[in-house]
*Asks:* 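One structure is given below, represented as structure tokens, and several questions about it will come after.
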2 protein chains.
Amino acid sequence: MILEIDFNSDEAYYIQLCNQIILGIATERIREGEALPSVRQMADRIGINMHTVNKAYSVLKQEGFVKLDRRRGAVVSLDIDKIRALEEMRRELAVVLARGVCKNVSRQEVHEMVDDLFDRFTGGMDQNS
Amino acid sequence: MILEIDFNSDEAYYIQLCNQIILGIATERIREGEALPSVRQMADRIGINMHTVNKAYSVLKQEGFVKLDRRRGAVVSLDIDKIRALEEMRRELAVVLARGVCKNVSRQEVHEMVDDLFDRFTGGMDQNS
DNA sequence: TATTTGTTACACTTTTGATAGAACAGATAT
DNA sequence: ATATCTGTTCTATCAAAAGTGTAACAAATA
């Protein structure tokens with residue numbers, strides 16, 4: 001699992017960390033039941049403060065991606081609230097697509113991009129889910 | 001054109017304003033060549049400070065959605081840098097889809113959502129663009 | 001001339017992001 | 001038992017971002 005913070009990005013470190021972990025889960029580089037490095041290990045590895053990692057883990061817990069276990073650390077545990085997930089996705093997607101539409105990105109190009117990304121996530125094994 | 005700030009949102013006011021204007025352009029409620037209300041008018045109307053509106057307009061200018069004219073104000077003028085737009089869309093889409101995949105949102109559901117949003121933007125008149 | 005435009009400058013407050021050190025209870029392994 | 005690890009929680013500090021307020025300026029307009 002490659003985790004790297006872009007210290008020049010304008011995105012907050014804890015947001016970058018959250019997104020990369022979520023991408024890791026989606027691409028199955030981290031699997032359900034696996035534990036993330038402890039806040040201190042992770043902090044050392046990627047070069048940021050323990051409390052910043054802790055904040056990222058707390059957000060991931062709040063959003064239902066991990067559960068925090070005192071003995072095992074942050075364990076990937078997906079809380080499936082699909083209705084809520086669909087609502088949030090729609091809100092975010094609306095803004096992303098609106099930007100694209102303004103820049104003449106076509107419907108077909110978006111569909112192709114979605115397929116391409118989905119292939120990366122599931123490796124083509126997502127006929128049902 | 002309905003513009004409203006959610007004062008309870010954790011999203012910055014100027015980001016909310018940017019997104020709503022972009023949505024307005026995408027849905028053609030604001031058309032190319034039209035001018036947005038002046039920073040002072042807009043500030044009065046939606047109940048935030050002039051400088052915050054100015055910041056939003058500056059960001060929209062920077063991102064190529066409007067041009068700022070001393071006499072006419074902020075005029076919708078789309079600077080089409082499609083390659084850049086596609087790159088940014090891909091980055092943002094990756095995170096949005098990853099979240100969805102973790103929550104069992106299917107490829108088909110995403111495609112349907114994209115179609116639905118595109119219909120809202122272009123009213124079904126986007127076979128070519 | 002008076003008004004409106006974007007623009008800029010200075011000042012100020014509040015919130016957020018990030019870091020730091022320290023301590024605690026619970027769990028674990030030696 | 002001891003030492004070590006876990007998340008967690010304090011207090012503290014610093015910098016940057018977000019937002020507001022007042023004021024002024026040049027350019028354009030009516």
Side-chain angles (χ1 to χ4, degrees), chain A residues 1 3-22 30 32-79 95, chain B residues 1 3-22 30 33-77 79 95:
Chain A
M1 179 74 200
L3 283 170
E4 221 166 84
I5 299 297
D6 179 359
F7 294 100
N8 295 322
S9 170
D10 56 340
E11 231 175 5
Y13 300 165
Y14 80 97
I15 301 278
Q16 290 187 46
L17 185 51
C18 278
N19 286 341
Q20 291 192 28
I21 290 171
I22 290 171
I30 315 172
E32 185 131 16
E34 278 186 42
L36 298 173
S38 77
V39 289
R40 291 173 176 85
Q41 283 179 349
M42 180 68 87
D44 278 352
R45 190 202 291 182
I46 61 182
I48 64 175
N49 189 275
M50 182 195 80
H51 296 100
T52 308
V53 176
N54 192 257
K55 182 164 186 178
Y57 284 10
S58 297
V59 171
L60 289 174
K61 175 189 174 189
Q62 170 67 24
E63 295 182 346
F65 291 97
V66 304
K67 284 183 180 172
L68 300 183
D69 186 341
R70 191 175 288 277
R71 44 193 180 286
R72 300 186 56 209
V75 180
V76 177
S77 165
L78 300 178
D79 171 45
V95 178
Chain B
M1 180 75 199
L3 284 170
E4 220 166 85
I5 299 296
D6 179 359
F7 295 99
N8 295 320
S9 170
D10 55 342
E11 231 175 4
Y13 299 164
Y14 79 97
I15 300 280
Q16 289 186 47
L17 185 52
C18 280
N19 286 341
Q20 290 192 29
I21 290 171
I22 290 171
I30 314 173
E34 278 187 41
L36 298 174
S38 78
V39 289
R40 292 173 176 83
Q41 284 178 348
M42 179 68 87
D44 278 351
R45 190 203 290 183
I46 61 181
I48 62 175
N49 190 272
M50 184 195 77
H51 297 101
T52 308
V53 176
N54 192 256
K55 181 164 186 178
Y57 284 9
S58 297
V59 171
L60 289 174
K61 176 189 176 190
Q62 170 67 25
E63 296 182 346
F65 292 96
V66 304
K67 284 182 180 171
L68 300 183
D69 186 341
R70 188 174 289 276
R71 45 195 179 285
R72 302 187 55 209
V75 180
V76 177
S77 166
D79 171 45
V95 178

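The sequence lines fix the lettering, A, B, ..., with proteins before strands; numbering per chain opens at 1.
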*Asks:* Roughly how far, to the nearest 0.5 Å, is OG of Ser58(A) from NZ of Lys61(A)?
*Replies:*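 One finds 7.0 Å between NZ of Lys61(A) and OG of Ser58(A).
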*Asks:* At a heavy-atom distance below 4.0 Å, which nucleotide of DNA chain C is the first touched by chain A, and which is the last?
*Replies:*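 From 5' to 3', the first and last contacting nucleotides are dG17(C) to dT28(C).
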*Asks:* If you take atom types as modelled and just measure distance, does the side chain of Arg40(B) reach the base of dT22(D) with a donor-acceptor pair under 3.5 Å?
*Replies:*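 No, the side chain and the base share no sub-3.5 Å donor-acceptor pair.
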*Asks:* Indicate whether OP1 or OP2 belonging to dT20(D) is found under 4.0 Å from a side-chain N or O atom of Thr52(B).
*Replies:*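 Yes.
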*Asks:* Using modelled atom types and a 3.5 Å cut-off, is there a donor and acceptor pairing between side-chain atoms of Arg72(A) and backbone atoms of Gly33(A)?
*Replies:*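 Pair found, side chain donor or acceptor close to backbone of Gly33(A).
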*Asks:* For Leu68(B) and Ala74(B), which heavy atoms make the closest approach, and how far apart are they?
*Replies:*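 Shortest heavy-atom contact: CD2-CB, 3.5 Å.
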*Asks:* Take atom CG of Asn49(A) and atom P of dA15(D), then tell me their distance rounded to the nearest Å.
*Replies:*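 About 16 Å, once rounded to whole Å.
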*Asks:* Figure out the CG/C1' separation between Leu68(B) and dA27(D), and round it to whole Å.
*Replies:*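 Taking atom C1' of dA27(D) as the reference, CG of Leu68(B) is at 15 Å.
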*Asks:* Taking five pairs at each end of the helix from dT1(C)-dA30(D) to dT30(C)-dA1(D), what angle separates the two helix axes (nearest 10°)?
*Replies:*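 The two end axes of the helix from dT1(C)-dA30(D) to dT30(C)-dA1(D) meet at 20°.
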*Asks:* Whole angstrom is fine here: how far is it from NZ in Lys67(A) over to C1' in dG7(D)?
*Replies:*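 Going from Lys67(A) (NZ) to dG7(D) (C1'), I get 16 Å.
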*Asks:* Regarding Tyr13(B), tell me which of base, sugar-phosphate or nothing describes its non-hydrogen contacts under 4.0 Å with the strands shown.
*Replies:*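 Since only primed, P, OP1 and OP2 atoms lie under 4.0 Å of Tyr13(B), the category is sugar-phosphate.
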*Asks:* Are the aromatic rings of Phe7(A) and Tyr13(A) close, with centres under 6.0 Å apart?
*Replies:*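 Yes.
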*Asks:* In whole angstrom, give the distance that lies between atom CD1 of Ile15(B) and atom P of dA18(D).
*Replies:*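 Atom CD1 in Ile15(B) sits about 7 Å away from atom P in dA18(D).
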*Asks:* Considering all heavy atoms of both residues, which atom of Leu78(A) and which atom of Glu32(A) are nearest to each other, and what is their separation?
*Replies:*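 Smallest heavy-atom distance, with atoms named: N-OE2, 3.0 Å.
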*Asks:* If you compare all heavy atoms of Tyr14(B) against all heavy atoms of Ala56(B), which two are closest, and at what distance to 0.1 Å?
*Replies:*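 Residues Tyr14(B) and Ala56(B), closest heavy atoms: O-CB, 3.7 Å.
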*Asks:* When you measure from the side chain of Gln20(B) to the backbone of Glu4(B), do you find a donor-acceptor pair of N or O atoms at a distance under 3.5 Å?
*Replies:*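 Yes; at least one donor-acceptor contact below 3.5 Å.
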*Asks:* For dG19(D) and Lys55(B) - does any side-chain N or O of the residue sit under 4.0 Å from the phosphate oxygens OP1/OP2?
*Replies:*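 No, because none of the side-chain N or O atoms of Lys55(B) sits under 4.0 Å from OP1 or OP2 of dG19(D).
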*Asks:* Have a look at Met42(A) and tell me which of Asn54(A), Ile48(A), Val53(A) forms a side chain to side chain contact (heavy atoms under 4.5 Å, CB included) with it.
*Replies:*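 The side chain to side chain contact (heavy atoms under 4.5 Å, CB included) with Met42(A) is passed solely by Val53(A) among Asn54(A), Ile48(A), Val53(A).
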*Asks:* So what does Gln41(A) touch, heavy atoms closer than 4.0 Å: a base, only the sugar-phosphate, or nothing?
*Replies:*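 Answer is sugar-phosphate: Gln41(A) comes under 4.0 Å of backbone atoms only.
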*Asks:* Give a yes or no answer on whether the side chain of Gln16(B) reaches the backbone of Glu11(B) with a donor-acceptor pair at less than 3.5 Å.
*Replies:*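 Yes; judged by distance alone, with no hydrogens or angles, the pair exists.
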*Asks:* So which nucleotide from dT9(D), dA18(D), dA23(D) ends up closest to the side chain of Asn54(A)?
*Replies:*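 The listed nucleotide nearest to Asn54(A)'s side chain is dT9(D).
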*Asks:* His51(B) or Tyr57(B): which one's nearest nucleotide on DNA chain C is closer to the 5' end?
*Replies:*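 Checking each residue's closest nucleotide, the 5'-ward one belongs to Tyr57(B).
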